[in-house]
Amino acid sequence: MTTECFAPAKINLTLHVTGQRADGYHLLDSLVVFADVGDAITFTPAPEMSLTVDGPFSTGVPCDGRNLLWKAAELAGVTGHLTLQKNLPHGAGIGGGSSDAGALLRALGCDNAGLALGADVPVCSYGRAARMQGIGDMVHPVANVPPLFAVLVNSGAYVPTPQVFQALAQKDNSGQEDMPQHGVDFTQWLHRQRNDLQAAAITIAPEIGSVLAALAACDGQNLVRMSGSGATCFALFDTAPKAQAAAHTLATANPDWWVKPCVLS
Ligand code: C5P
């Protein structure tokens, strides 16, 4: 029997870097949500492992044991044929292979959250709004995030995650404020939080600054920020039509950019 799963884009609404462990990994405090856009995966049990990749971002994605999706199947103790429709830019701060791996682990009911496959895999294997702490190993469900209308933008800039962490000017920043209670303006709360990797990523890929400026110039945006270690950035809007109108304007002015209106929850 074939299992189908959806691997949503992972968005870090906040990403505070609060310290560094002796082994070099950084301590994080991040509010993570998931989009209604993502990669599509199927898994059909078979005696041997195999993987077929297609979709708009399939170029450069390994079809063998180097792929996190393949590694996730191995971690779950299964073999079979995997298909991956790569709809999301990868190496882009929105989950990429981590979301693929997490979605498969979840669909297979695997107990192992997949930290060994990457720091983002546990939150992706949970797959719903969560506060992520530690190096990514501590995942606490968060109930009161309202659905958010967003536009995601990736200009094609590539910023390797280790390089962004290395470029951090300060590693012992404050953590997130406590999550807002019901009735508190969520966007106002978000404004007071940060992505501590954003400035570091801009030093490596100044183009990210241009993406953030283009998002900031959109009518009706409430908040503009980078996700993860970049380069994908997002803007939030009050309504779906406002997000769609902004996406249309951005895509028209920047035909080379990946621009996606979506709902985050
Ligand atoms: O775990 P993952 O493969 O996603 O991490 C990629 C790189 O990002 C790590 O090798 C490390 O350099 C950096 N990283 C970190 N602290 C984290 C997560 C990632 O320093 N909590």
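Counting starts at 1 for both ligands and their atoms, in listed order. Along the sequence shown, residues carry numbers from 1. Predicted, not measured: the structure shown is a model, and the values here were computed from it.
Below 4.0 Å from some heavy atom of Pro162 lie the following atoms of ligand 1, by number and element: 7 (C), 12 (O). Residue-ligand proximity, Gly24 to ligand 1, at heavy-atom distances under 4.0 Å covers atoms 20 (O). Atoms of ligand 1 lying under 4.0 Å from any heavy atom of Ile135, numbered from 1 in the order shown and given with element: 21 (N).
Remark: minimum distance from atom 8 (O) of ligand 1 to any protein heavy atom is reached at Thr161 CG2, 3.2 Å. Taking atom 9 (C) of ligand 1 as the reference point, the nearest protein heavy-atom neighbour is Tyr25 OH, 3.8 Å. Protein heavy atom in closest approach to atom 3 (O) of ligand 1: Gly118 CA, 4.2 Å.
The CG atom of Leu105 sits 11.0 Å away from the CG atom of Asp100 when rounded to the nearest 0.5 Å. Rounded to the nearest 0.5 angstrom, Leu190 CG and Leu148 CG are separated by 7.0 Å. Expressed to the nearest 0.5 Å, how far CZ of Arg225 lies from CD1 of Ile11 amounts to 12.5 Å.
Residue His26 has at least one N or O atom closer than 3.5 Å to an N or O atom of ligand 1. For the pair Leu28 and ligand 1, the shortest N or O to N or O distance does not fall below 3.5 Å. Not a single N or O atom of Phe165, backbone or side chain, sits closer than 3.5 Å to an N or O atom of ligand 1.
Put simply, no part of Ser229 is less than 4.0 Å from ligand 1, judged by heavy atoms.
Residues that satisfy the salt bridge (Lys or Arg N to Asp or Glu O under 4.0 Å) test with Arg131, not counting sequence neighbours, are Asp29.
Counting only non-hydrogen atoms, the option in Gly134, Pro160, Ala119, Gly136 that gets closest to atom 2 (P) of ligand 1 is Ala119.
Atom CD of Gln170 has more than 12 neighbouring heavy atoms from other residues, nucleotides or ligands inside a 6.0 Å radius.
Side chains of Thr44 and His81: no donor on one and acceptor on the other come within 3.5 Å.
A heavy-atom distance below 4.5 Å is found between the side chains of Trp189 and Leu31.
Using a distance-only test at 3.5 Å, with no hydrogens or angles considered, no donor-acceptor pair links the side chain of His16 to the main chain of Asp196.
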